[in-house]
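Below you'll find the structure, written out as structure tokens, and then a few comments.
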Amino acid sequence: YGKKLNYDVANKTLIEIDVFDNSNIHFADLTLLNCNQKPHNEKVEIARQYWQGTDVRDMNTEVLFTGQFKINKIIENNK
């Protein structure tokens with residue numbers, strides 16, 4: 001997905017964090033975002049599915065985070 005957006009996937013920093021109680025974490029199915037060629041009514045239903053979230057945790061899971069956090073350690077830094 002990142003490569004399709006011309007994102008330099010080799011240039012990344014991976015960190016381990018602790019989140020505070022007032023934080024929000026949303027897990028969504030990333031594959032649902034591939035809907036540009038769908039009719040509008042299907043996009044609306046796909047958006048609903050996306051925002052309902054998922055319990056799946058794999059390479060197609062997108063994680064959205066808002067809130068406060070503390071960095072525990074830098075795991076990988078390829079800058």
Side-chain angles (χ1 to χ4, degrees):
Y1 180 75
K3 287 181 182 179
K4 289 180 184 177
L5 296 175
N6 294 322
Y7 177 74
D8 182 4
V9 295
N11 185 9
K12 64 184 178 290
T13 301
L14 181 63
I15 59 174
E16 179 183 289
I17 64 171
D18 280 332
V19 297
F20 292 93
D21 290 337
N22 63 340
S23 301
N24 294 304
I25 303 174
H26 178 74
F27 296 91
D29 182 352
L30 182 62
T31 63
L32 292 171
L33 296 180
N34 189 15
C35 64
N36 291 343
Q37 302 301 318
K38 305 273 185 188
H40 177 74
N41 61 329
E42 288 184 39
K43 288 180 185 177
V44 170
E45 180 55 33
I46 289 168
R48 287 189 179 111
Q49 291 175 21
Y50 178 88
W51 289 110
Q52 284 176 354
T54 183
D55 292 328
V56 175
R57 303 293 186 265
D58 63 17
M59 293 298 292
N60 289 316
T61 304
E62 178 170 62
V63 182
L64 304 176
F65 169 81
T66 59
Q68 294 180 318
F69 64 93
K70 180 185 100 178
I71 296 175
N72 286 335
K73 64 181 174 181
I74 296 175
I75 297 170
E76 184 177 349
N77 189 354
N78 290 338
K79 288 187 175 185

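Just so you know, these numbers come straight off a predicted model, no measurement behind them.
- Cluster partners of L14, using a side-chain heavy-atom cutoff of under 4.5 Å among ILVMFWY residues and allowing indirect links, are I75.
- Cluster annotation: V19 and F27 are assigned to the same hydrophobic cluster (Ile/Leu/Val/Met/Phe/Trp/Tyr, side-chain heavy-atom contacts under 4.5 Å, transitive).
- For N34, there are no side chain to side chain contact (heavy atoms under 4.5 Å, CB included) partners, not counting sequence neighbours.
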Show which side-chain atoms of residues 38-56 pair as donor or acceptor with protein atoms under 3.5 Å away, not counting sequence neighbours.
from: K43; atom 1: NZ; to: N36; atom 2: O; distance (Å): 3.3
from: Y50; atom 1: OH; to: E62; atom 2: OE1; distance (Å): 2.3
from: T54; atom 1: OG1; to: V56; atom 2: N; distance (Å): 3.1

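- Tracing side-chain contacts under 4.5 Å through hydrophobic residues (I, L, V, M, F, W, Y), one reaches I17 starting from V63; they form part of the same cluster.
- Each side-chain hydrogen bond (donor to acceptor under 3.5 Å, both in side chains) pair with one or both residues in residues 17-33, not counting sequence neighbours, appears once here: D18-N72, D29-T31.
- Applying the side-chain hydrogen bond (donor to acceptor under 3.5 Å, both in side chains) rule to T61 yields the partners D58; only residues at least two apart in sequence or on another chain are considered.
- F69 pairs by the ring pair (Phe, Tyr, Trp, His ring centres under 6.0 Å) definition with F65, not counting sequence neighbours.
- Counting heavy-atom neighbours within 6.0 Å of Q37 CD, excluding the residue itself, gives a total of 12 or less.
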